[in-house]
Amino acid sequence: MDVLKSSNIGYPRIGEDREWKRTLEAYWAGTLNETEFMAQLEAIRLGNLQKQRDQGIDIIPVNDFTLYDQMLDMSVMFGLVPERYSAYKGGTVPLSVYYSMARGNKDEVASEMTKWFNTNYHYIVPELKESQLTLTENKPLAAYREAKEKLGIDTKPVIVGPYTFISLSKGYEKSDLPAIILSLLPLYTKILRELEQEGVKWVQIDEPSLVSSLSKDEMKTVTYLYEKLNEAVPNLNIMLQTYFDAVEHYQEVIDLPVQGIGLDLVHDKGKNLSNLQTVGFPQDKILGAGVIDGKNIWLSDLTKKIKLVESITKHVAEDRIWLQPSCSLLHVPVTVRNETELASEVKEALAFADEKLEEITLLVRGNNEGPESIEEKVTANKAAWQTLNNSKARNHKDVQSAVEQAKQQSHGRTLPFKQRYQKQQAYFNLPFLPTTTIGSFPQTAEVKQARGKFKRGEWTADQYEAFVNEEIGRWIDIQEEIGLDVLVHGEFERTDMVEFFGHKLGGFVFLEKGWVQSYGSRCVKPPVIYGDVHFIDPMTVKESVYAQALTKKTVKGMLTGPVTILNWSFVRDDISRENICYQLALALKQEVEALESAGIKMIQVDEPALREGLPLKKSDRDEYLNWAVHSFLISTSSVEDTTQIHTHMCYCDFNSFMDVISSLDADVISIETSRSHGELASAFEEKTYEKGIGLGVYDIHSPRVPAVEEMVDMIERGIKVLDKDQFWINPDCGLKTRGVPETVASLKNMVEAATVVRNKLLVQQEND
Ligand code: GLN
Ligand code: ZN
């Protein structure tokens with residue numbers, strides 16, 4: 001009989017209650033030995049497989065589990081251990097070395113970590129050295145055997161494909177690429193041969209890089225790679241899995257000599273589907289149809305999904321279709337079952353990993369056994385959607401019309417930068433090379449304890465507020481004593497720069513167990529934007545005003561920008577991201593205005609996540625940047641000429657981003673650059689940037705106290721390419737993760753460095 005199958009392409013590893021995280025951390029802390037550690041992880045791993053089997057998933061992945069990160073697993077499988085990890089002597093990579101690469105140890109720094117495509121998952125960047133390439137073990141084979149022996153499940157091992165692996169690696173020259181490909185291919189071949197000999201039927205090879213803007217020539221490399229792999233394992237079926245967007249070269253991809261192609265039919269902007277309909281899909285291949293959103297937390301609209309499946313089955317025979325999530329379920333929490341406090345209108349409309357798998361099996365059943373078989377579920381699904389869509393939260397007509405209006409208008413400051421900056425300089429009367437910080441001061445154990453007491457109800461709101469005020473007061477004194485020019489209140493009242501605002505704005509809810517892995521054992525619980533976002537009451541005015549009353553110096557107000565709140569939340573999917581961003585922008589505009597009327601005339605609106613929201617395809621980027629920049633302008637441009645808007649971003653690669661930064665039209669921007677100072681300075685050699693700018697003069701990610709001379713050097717390098725009158729002096733990011741002593745010592749040195757440079761420049765001027 002012609003029937004659809006259900007398949008999964010990756011399951012969250014962290015467990016319903018973050019058991020995985022706790023197990024890792026217990027091992028690192030030495031409370032578990034290696035044997036106990038491995039046994040506990042095995043239990044979690046097998047539990048995850050059993051769950052998928054019990055759900056009725058036909059094709060279950062293995063080797064999606066990891067002891068830290070799937071890219072790191074590939075690196076160690078290939079023997080790619082950088083030489084600085086001196087304990088490694090070749091062969092299978094011991095756990096201690098594995099974790100040194102992931103986390104560093106007391107003598108050796110960790111490997112670089114970066115974002116996995118457009119998700120909030122971070123992987124360890126492989127350092128690819130052709131000379132080191134050797135197969136140290138076959139992890140997917142071990143995972144396959146384990147599932148077969150322990151549970152009797154015939155699974156589908158998953159690995160990261162060679163093209164994506166190479167694309168995401170660093171440490172080689174473009175010209176070395178052919179040689180690298182030639183030395184990597186035999187290793188992939190060996191892995192696959194061993195799987196083939198074992199009797200594995202399907203292997204999933206992940207190639208998400210095929211959705212990026214790769215060239216035709218690069219696509220030729222992909223074809224070459226898969227020709228070789230297919231030749232090597234004629235009896236092993238390869239499911240070439242793509243996700244996060246439409247494949248860039250559809251025809252070439254479907255022509256690859258593999259037995260299955262996995263396509264994302266949710267985040268493809270309709271392109272994969274329309275290619276499927278117009279170009280077709282080969283008769284001899286399986287289609288992995290990614291119909292359920294693997295990245296968002298909402299229930300699917302089953303009626304729409306049934307239609308989607310119908311339109312696919314018109315073009316591909318049913319026995320050649322696997323229904324699956326659009327990407328690994330790694331990016332969503334495990335199950336809605338454990339959310340006990342949510343309003344039912346929200347809870348009923350959520351679907352995390354387990355519920356998404358259920359949706360897949362429902363769609364499969366509806367197709368194979370007829371629509372009546374799932375009628376009840378479809379009716380319930382419709383009702384859940386209707387309830388949420390009709391809820392008050394989603395029907396703030398005033399918010400919606402304000403968005404429509406704001407979209408039509410252009411927003412900008414009244415005066416061009418140069419003129420208003422002059423006015424601001426007169427108003428604030430700061431020395432040149434003014435010193436400041438990025439906002440947060442150390443969140444010490446006491447700060448966290450106080451928040452805990454307040455949350456548990458042991459402290460009243462007044463008690464908590466008194467505590468926060470005391471901290472603010474203490475740090476105003478410390479900042480004055482250090483001699484900083486522009487002060488901040490320290491952000492002691494905030495756990496997290498997005499969550500804090502979510503709690504104060506309308507339209508948000510919070511999950512109890514909605515954790516997703518961010519990197520290694522670190523999990524985050526993003527707020528959920530489920531309704532129209534709106535301003536309720538001032539959110540930051542009280543603390544800023546309190547701080548300002550304690551000092552004659554300027555206190556800088558501190559907000560998180562609309563784009564960052566959007567990018568670091570789970571967002572509703574019934575309206576566009578653009579519109580959600582505008583809603584946020586309008587709400588934050590009210591906060592900026594509230595601060596201004598309360599006498600806070602310098603306001604920083606942080607946008608550290610603006611860059612990371614950039615779409616994977618070059619052709620989609622302008623659209624995103626247009627509404628992202630417009631949103632920032634909406635929030636920040638209604639202020640008086642003398643009110644100074646700051647912004648902050650943290651990442652290194654600014655060279656290609658200077659125009660965007662400039663179009664935000666912030667009077668001052670501070671950026672994280674201390675780890676790539678030289679590179680950034682070169683960006684300014686080519687392009688002129690005229691606004692205020694603080695290139696972080698020291699790296700806050702390490703407890704090390706930088707010496708005065710080091711920072712003098714940094715500043716002098718900066719003012720070689722930038723005017724001294726536009727240059728600000730600050731650390732490269734917030735200080736909340738640092739200890740107090742090192743923070744105070746570092747800032748003292750920073751202020752001292754500013755003074756040294758100022759004096760040198762003054763002497764020079766006199767001599768000129
Ligand atoms: N103002 C924030 C802080 O200092 C900025 C944090 C960030 O850039 N991620 O903590
Ligand atoms: Zn930062």
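Only this structure's heavy atoms are used, side chains among them; waters, hydrogens and symmetry mates stay out. Counting convention: from 1, in listed order, for ligands and their atoms alike.
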Participant: Is I438 close to ligand 1, meaning an N/O of one under 3.5 Å from an N/O of the other?
Facilitator: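 Right, the criterion is met.
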Participant: Can you give me the closest heavy-atom contact between K295 and C327, atom names plus distance?
Facilitator: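 Scanning both residues completely, I find the closest heavy atoms to be CG-SG, 3.6 Å.
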Participant: By number and element, which atoms of ligand 1 are closer than 4.0 Å to a non-hydrogen atom of G734?
Facilitator: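 Once the distances to G734 are compared, the set is 3 (C), 4 (O), 10 (O).
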Participant: Is the shortest N/O to N/O distance between H648 and ligand 1 below 3.5 Å?
Facilitator: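 Looking only at distances, the answer is yes, because the N/O contact criterion of under 3.5 Å is met.
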Participant: Just by distance, no angles: are the side chains of E491 and W475 close enough, under 3.5 Å, to form a donor-acceptor pair?
Facilitator: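 No, because no side-chain N or O of E491 sits under 3.5 Å from a partner of the opposite role on W475.
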Participant: Can Y121 and D69 be counted as having a side-chain donor-acceptor contact under 3.5 angstrom?
Facilitator: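 Checked: Y121/D69 side chains pair up, N/O donor to acceptor below 3.5 Å.
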Participant: Could you say whether the N/O atoms of K736 and ligand 1 ever approach to under 3.5 Å?
Facilitator: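 No, there is no polar N/O contact under 3.5 Å.
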Participant: Considering only non-hydrogen protein atoms, determine which one is nearest to atom 6 (C) of ligand 1 and report residue, atom name and distance to 0.1 Å.
Facilitator: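 Scanning the protein heavy atoms, the shortest distance from atom 6 (C) of ligand 1 goes to M497 SD, 3.5 Å.
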Participant: To 10°, measure the NE2(H648)-the Zn ion (ligand 2)-SG(C650) angle for me.
Facilitator: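 Here the angle at the metal atom is close to 120°, to 10°.
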Participant: Verify whether one side chain among S100 and E108 offers a donor that lies under 3.5 Å from an acceptor in the other.
Facilitator: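 Short answer, no.
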Participant: So for ligand 1, is E491 a polar contact partner (N or O within less than 3.5 Å, distance only)?
Facilitator: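 By distance alone, the answer is yes.
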Participant: How close do K170 and V125 get, heavy atom to heavy atom, and via which atoms?
Facilitator: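 Of all heavy-atom pairs spanning K170 and V125, the closest is CG-CG1, 3.7 Å.
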